[in-house]
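Structure first, commentary second.
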Amino acid sequence: MNHILLRALFLFLVVTTGWGCAVKKPSAPAAVAEEVTATPEAVAAEPAPVTSKGPYQPAAERLVDLLHTTLKVRFDWAKQHLLGEATLTLKPYFYPQDSVVLDAKGFDIHKVTLLKGRQEVPLQYAYDQYRLTLRLGQRYTRKDTLQLFISYTAKPNELKVKGSEAILSDKGLYFINPLGTEDGVPQQIWTQGETEANSAWFPTIDKPNERMTQDLFITVENRFKTLSNGVLVSSRKLKDGLRIDHWRMSKPHAPYLAMMAIGEYAVVKDKWRNKEISYWVEPEYVATAKSTFGRTPAMLEFFSQKLGMAFPWDKYAQVVVRDFVSGAMENTTASTFMEALHQDRRELLDKNWDHIIAHELFHQWFGDLVTTESWANLPLNESFADYSEYLWAEHQYGPEEAALTHQTALLEYLGESRTKQEPLIRYHYEDKEDMFDSHSYAKGGRVLHMLRQEVGEDAFFAALNLYLRQNQYSAVELDKLRLAFEEVTGRDLKPFFQQWFLTPGHPELAVSHQYENGTLTVLVQQTQDTVRSTVYKFPLVISLLQEGKWQEQTVQVEKVLETFRFPMAAAPQTVVVDPRQHLLARIKHSKSIAEWANQFNYSPGYAAKSNALEQLRDTADTQIEPVLLKALQDPFWKIRYMGVEMLVSTNAMQQPQTQRQVQQMAATDENSSVRAIAMYALSTLQGLPQEIIRRGLEDSSYLVVSASIFAWAKGEHELEALKPFLSYKNPDVVNALASAFTGSEQEELYSWYLQNARRMKGADLYFFIQSFGAFLLKKKIDAQERGWQALVQVVEREAMAEIKQAAFQMLSLMSETDERRETLQKLTEQDPGLSPMTGVEIK
């Protein structure tokens, strides 16, 4: 599972504070770098993050073993019901049993029987809408195999829906445009099982430590294609325009990984080692499907070789669905993706989705083949998937992109750690959905990176190979991973696993250095709460720059305060702690502007360069201008991007030579994110010539076009010139236009805003709401009404809390009548988490 929705919103919020723009391939968007110049006293004064104290959450007790599930399903589109027949093959796990308890959420149960050959024996049962308890009539032992038959109707829309930051809904089964009445929206059905939501569409033992094989018979209209786990065994047409597709999963996997997707898809087929690879997209995107997903065979080859274990399943399909409740999901042999992976040719210039594609693919080993025993051990799934993003970036795009991928995830975790700090493997929590956070993903991936450094490249992948071979088709907890690493390396790694996997927090390091009498002294102090967390022990790389040349020293940190001394003939030009940012830590190192400048000017890698630039941000000293001008020439796009971005607030941006250089970057830089940020920078200048912006409006990149729209509007040029872009669907362009036209009184624009309020999704919708609200607030109350209703619908339909809240706050600013205040009150009753803008009364 990739929780990209939450990550995307976080990264888009970063954009609005001036820290970045949209992503250029192949990495995820860069986040805000840590401010590392705070004093130790300031660090100690930060509010203490929370560590949860929920009840102990054990692995599910296994009373019966589910061996195989056969499902026959058809659909009532109008009612959004699934009509199902399930035959479950199971046996007592160890102890004799006289009953079976199944997870079955919100069903109408029609028939329950025990199958004995051709005989059906009716069973007594109890059902509370969550669990179905079947009375077997006698005790059976582990030598007995039983077959249970259940006829039922699943009604997902009648469930009380919950969700998490990563997975917005848990109703399991989703109908898209079920009546076929929504223009531009295809009819689809798809499922989403993690964590325990598949039991909303078929009865099962919905726990991650269960495994089953399956046969799924799907009855649909002939116009639809179906996709499920495993391989398509047969497809049989019926007389009434229907068809039955039979999908078989012959290798066991966890019930939450079962899936189906139904729609009028175009299927683009590929191949890897004689196995079918396929990309399922809406017909409009058939021409670009391979450009988005086409590196999958190369990923399969790379991961298979790196792990020493070939992709273990019979096929691999990737399907894009509408209104998905997360970023993507690693269903065995058939991953599901959000609709953002539908890209036209111009969108491909700005962004690729390799990170999310690699993430779900790596899950086919870590999560599907070897599955977490309990949700407490979720990082055994998600940490590996998160780290695969780094591995693929490193392999395919080189060390700089890998370093950016790594840094982005590190900063994501450090941001979350300010309010919560948990062990990676946590047996105490209130809700299993709490596990889907930046700890399980981003922190876990960074811990694996440190483990790779700790044991060495060859040992790391040899241990992963052993772990996979020993535990394939089974459920695991952390000790299985540790023991595999210990068997390969011969080392006792319990201390490493204890402090990084089982202890909350991370090192908070306050670093200072001083040169005196031929000796450099480096002080490293751990300032984290060592009672709640621990005193960490780790190797630390310290790089010393002298006469333009680097010397590296590796020291061992084991105490709260460490002093390291290095004899040197002269004072170093700078000192860099953890230059490649391998350590999972927040490091605050007090250095002069000259030392930060030297760090940038002489460092060979992205991490040290970018951290140096962040420390020079908002510095008025003229020493930083040469650094920024050098950044504009850097071979790596992200450094050029940061250089342009930071130039805006310096005097250097007022120099004609600098302006010409930025204009050249806006027109010709090979990276569209850099061209876009250059256009944004130019928009801050007075009297920017129209022809420069017009060139940007004609750029092939949507990012550059959107930046140019912003520059055009800011320059107070005639907005009629922007109307040709109103037909664009790209969200970057739409949001730029939404910001530009907030003062319009034209009906054409009002209709455009209303249309996009219905069409926009996710973080793009969050920002659209800001502009739409500004547009509405400039109107009289009667003219606001259509927009008011549109925002009410956003609050009612959206699952992401941040979007609901944004729309609700805009409504609160327009709540000038009793009727509107009553509407707001009703919305808060439906969702108590909503709150109006400060100072606005809704009662």
Side-chain angles (χ1 to χ4, degrees), residues 51 56 58-59 306-309 365-366 370-374 376-384 386-387 390-391 413 421-428 439-440 443-472 474-509 524 526 528-542 552-562 564 578 580 582-585:
T51 300
Y56 174 71
K306 205 71 175 171
L307 294 170
M309 175 180 279
W365 286 269
F366 296 92
V370 179
T371 309
T372 180
E373 180 185 61
S374 67
N377 283 270
L378 179 68
L380 293 176
N381 292 4
E382 295 300 346
S383 296
F384 283 101
D386 186 276
Y387 193 49
Y390 176 90
L391 293 173
Y413 160 70
Q421 291 184 8
E422 307 280 2
L424 269 183
I425 308 298
R426 60 195 107 143
Y427 289 95
H428 293 268
H439 284 63
S440 292
K443 180 181 181 180
R446 312 296 56 82
V447 170
L448 291 176
H449 189 64
M450 289 191 297
L451 182 57
R452 184 181 176 190
Q453 314 307 313
E454 176 75 18
V455 301
E457 186 80 358
D458 291 343
F460 181 76
F461 288 103
L464 294 187
N465 174 270
L466 180 63
Y467 169 75
L468 290 170
R469 286 190 291 107
Q470 287 180 333
N471 300 294
Q472 59 186 322
S474 69
V476 294
E477 58 182 357
L478 180 66
D479 283 342
K480 295 288 186 73
L481 182 66
R482 176 178 60 82
L483 291 170
F485 271 86
E486 290 184 346
E487 185 172 338
V488 166
T489 64
R491 295 173 54 185
D492 181 356
L493 290 169
K494 196 162 188 176
F496 180 96
F497 277 71
Q498 179 64 40
Q499 76 172 9
W500 294 113
F501 284 94
L502 298 172
T503 302
H506 53 269
E508 301 267 0
L509 304 182
V524 179
Q526 297 191 44
Q528 72 275 6
D529 180 352
T530 57
V531 174
R532 185 184 53 79
S533 183
T534 189
V535 176
Y536 285 84
K537 298 180 180 181
F538 53 88
L540 182 65
V541 176
I542 301 176
E552 272 197 0
Q553 305 285 341
T554 300
V555 299
Q556 187 69 24
V557 175
E558 297 188 344
K559 298 180 294 186
V560 169
L561 180 62
E562 297 275 16
F564 303 104
D578 187 30
R580 286 173 288 280
H582 285 334
L583 183 65
L584 176 64

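Throughout, numbering of the chain's residues begins at 1 and tracks the sequence. All values below come from the heavy atoms of this structure, side chains included, with hydrogens, waters and symmetry mates left out. The shown structure was predicted, so the numbers you read here are calculated from the model rather than taken from an experiment.
Here the side chains of H428 and P423 are not in contact, with every heavy-atom distance at 4.5 Å or above. Taking the side chain as every heavy atom from C-beta outward, Q421 and Q528 never approach each other to under 4.5 Å. Side-chain contact between D479 and F497: absent, with no pair of heavy atoms (C-beta onward) separated by less than 4.5 Å. Side-chain atoms of H506 and Y413, non-hydrogen and from C-beta on, do get closer than 4.5 Å to each other. Considering only heavy atoms from C-beta on, K537 comes within 4.5 Å of Q499 through its side chain. Taking 4.5 Å as the limit, some side-chain heavy atom of Y467 sits within range of a side-chain heavy atom of F366.
Note that CE of M450 and CZ of F538 are 9.5 Å apart. Values are rounded to the nearest 0.5 Å. Considering CG of L478 and CG of L483, their distance stands at 9.0 Å, rounded to 0.5 Å. L464 contributes atom CG, which lies 7.0 Å from atom CG of L481 (distance to the nearest 0.5 angstrom). For the atom pair OG (S440) and CZ (R426), the distance works out to 4.5 Å, reported to the nearest 0.5 Å. The distance from the CG atom of D386 to the CG atom of L391 is 10.0 Å, given to the nearest 0.5 Å. To the nearest 0.5 Å, atom OG1 of residue T489 and atom CG of residue L451 are 9.0 Å apart.
Taking every heavy atom of both residues into account, A484 and Q470 meet most closely at CB-OE1, 4.3 Å. In this structure, V541 and R580 approach most closely via the heavy-atom pair CG1-NH2, 4.1 Å. Nearest heavy atoms, T51 versus P504: OG1-CB, 4.1 Å. A pairwise comparison of heavy atoms in N471 and V370 identifies O-CG2, 3.5 Å as the closest pair. Listed here is the closest heavy atom pair of Q526 and L509: CG-CD2, 3.8 Å. For L584 against R446, the heavy-atom pair with the smallest separation is CD1-CB, 4.1 Å.
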Candidate pair L540 and L583, rule side-chain contact (heavy atoms from CB on, under 4.5 Å), full reasoning: CA-CA 8 Å; L540 182 65; L583 183 65; 4.1 Å; yes

Yes or no on side chain to side chain donor-acceptor pair (under 3.5 Å) for S374 and N377, after CA distance, side-chain angles and deciding distance? CA-CA 5 Å; S374 67; N377 283 270; 3.2 Å; yes

Does the pair N465 and F461 meet the rule for a side-chain contact (heavy atoms from CB on, under 4.5 Å), with working shown? CA-CA 6 Å; N465 174 270; F461 288 103; over 6 Å; no

For Q453 and F460, run side-chain contact (heavy atoms from CB on, under 4.5 Å): C-alpha distance rounded to whole Å, both residues' side-chain angles, the deciding distance at 0.1 Å, then the answer. CA-CA 8 Å; Q453 314 307 313; F460 181 76; over 6 Å; no

How far apart are the C-alpha atoms of V557 and Y536, what are their side-chain angles, what is the distance that settles it, and do they pass the side-chain contact (heavy atoms from CB on, under 4.5 Å) test? CA-CA 8 Å; V557 175; Y536 285 84; over 6 Å; no

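Qualifying salt bridge (Lys or Arg N to Asp or Glu O under 4.0 Å) partners for E562, counting only residues two or more places apart in sequence or in other chains: none.
The salt bridge (Lys or Arg N to Asp or Glu O under 4.0 Å) contacts involving residues 487-501 comprise E454-R491, where partners must be two or more places apart or lie in separate chains.
Between Y387 and Y390, the distance separating the two ring centers is shorter than 6.0 angstrom.
A salt bridge is absent between K443 and E382: the closest approach of a Lys/Arg side-chain nitrogen to an acidic carboxylate oxygen does not fall below 4.0 angstrom.
Ring geometry for W500 against F496 counts as tilted: the plane angle lies between 30° and 60°, on a 0 to 90° scale.
Under the 3.5 Å distance criterion, the side-chain polar atoms of E486 are matched with a main-chain donor or acceptor of L493. Although no hydrogens or angles enter the test, the distance criterion places no donor-acceptor pair under 3.5 Å between the side chain of T503 and the main chain of S533.
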